[in-house]
Amino acid sequence: MSLMTTCQSAEERLPGKAAKIHHEVLTLDSHVDTPLLLFNESYDIGKRNDPRRRGGKLDFPRMADGGLDAAFFAVFVGQGPGTPEGYGTALNRALTLFEMIHRAINDHPDQAELALSPDDAPRIRAAGKRAIYIGVENGYPLGDDISHLKTFYDLGGRYLGLSHTRNNQLCDSSTDREGEKHGGLSEFGREVVRELNRLGMMVDVTHISDNAFYDVLEVSLAPVIASHSNARAICDHPRNLDDDMLRALAENGGVVQLCILSAYVKDMEPNHERDSAFAELRQRYNNFQDLSDEEMELVRLEWNETDELYPARLATVADLVDHVDHIVQLIGIDHVGIGTDFDGGGALADCFDVTELGNITFELLRRGYSRKEIEKIWSGNFFRVFREVEAMAARLSE
Ligand SMILES: [Zn+2]
């Protein structure tokens, strides 16, 4: 042992030890909205972009820099009207997003590869590349035709988030201002959960109402995931899971993947200047409803300018790990993971983009989590569920 290491205290050795663990364990982020950046044709996901200069939070080189081996790219479709036209538009958008993700991967074959099953991530990592999985966020684009699920599966989709921030034809959302519509899952929603089980796609309970959550647990034959949700006991938001829900999730064998979107991590002090600037923007652009593509582009530009002028106060990695501690104390180490929601709002003061993910590992180690436990959090728990979902599908097809 060198003089150098013998002189270092345990505390001084921590960063090096954390960096080593972060590099060695397989890391997975179960939810990023980065595909939305691909609509901008000048965005090159194969190059390092500056996250503070509108560059987004993630690209393939920065995934490597940040030691992130695998990520679920979201095919996200916002909620619209439940009409044939609305469903048609939503389906087209979902298919476009699948196509853009495939193209982003195919354009950078030396950096990334499409991943479809749990074994793909370690294999792709060993080849020095990033494993890119696909998850669908919002069942809205299914319309009333369940056969689109198989299409999504065939295109590489491996989970479906049943709703987004508003109720849809599958179930109620946790944040619809108009309250509940179905009282949980609709009959179609139940069919969708059964079909997901049959296909071997994970059911994602993020965003759905508490009643819908319990309905899903009743209907699903396989464990479920919450791809980007937190603990309500630590941050009281309807979109987070309360302790009873967390216990039920553990009973189900599922996993909650913690989101780093500051507002769901910690209740921050109000920031009036920022709030009124955004309120003004919202008002000037008709609450962001019924805007043309050109107007939407203007909104994006002004949004970014406002964001730079009045930066958000952000929660920290320590605040995030408070959620880990709470969940582990409540239901053990086997049901928690990470799903950042980068480029969907995910950012902490000290985890602002994918290059800073190692800070989470550092904080976990500092609080006494072992390497084995950190590995479970970074991917082991999620892949256990993924494998069980695949195994159930195989059993159902016998
Ligand atoms: Zn979301």
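Counting starts at 1 for both ligands and their atoms, in listed order. The shown structure was predicted, so the numbers you read here are calculated from the model rather than taken from an experiment.
- Shown are the protein N/O/S atoms under 2.8 Å from the Zn ion (ligand 1), given by residue and atom: Glu137 OE2, His207 NE2, His228 NE2.
- Residues Arg48 and Asp65 are paired through a salt bridge, judged by an N-O separation under 4.0 Å between the basic side chain and the carboxylate.
- The pair Asp59-Arg130 fails the salt-bridge criterion, with no side-chain N (NZ, NE, NH1 or NH2) lying under 4.0 Å from an Asp/Glu carboxylate O.
- Electrostatic pairing of Glu363 and Arg366 counts as a salt bridge here, judged by a charged N lying under 4.0 Å from a carboxylate O.
- Among the candidates Thr27, Asp69, Asp120, the single residue satisfying the side-chain hydrogen bond (donor to acceptor under 3.5 Å, both in side chains) test with Arg125 is Asp69.
- Ring centers of Tyr159 and Phe386: at least 6.0 Å apart, outside the cut-off.
- The residues Glu280 and Arg284 are annotated as salt-bridged, a charged nitrogen and a carboxylate oxygen being separated by less than 4.0 angstrom.
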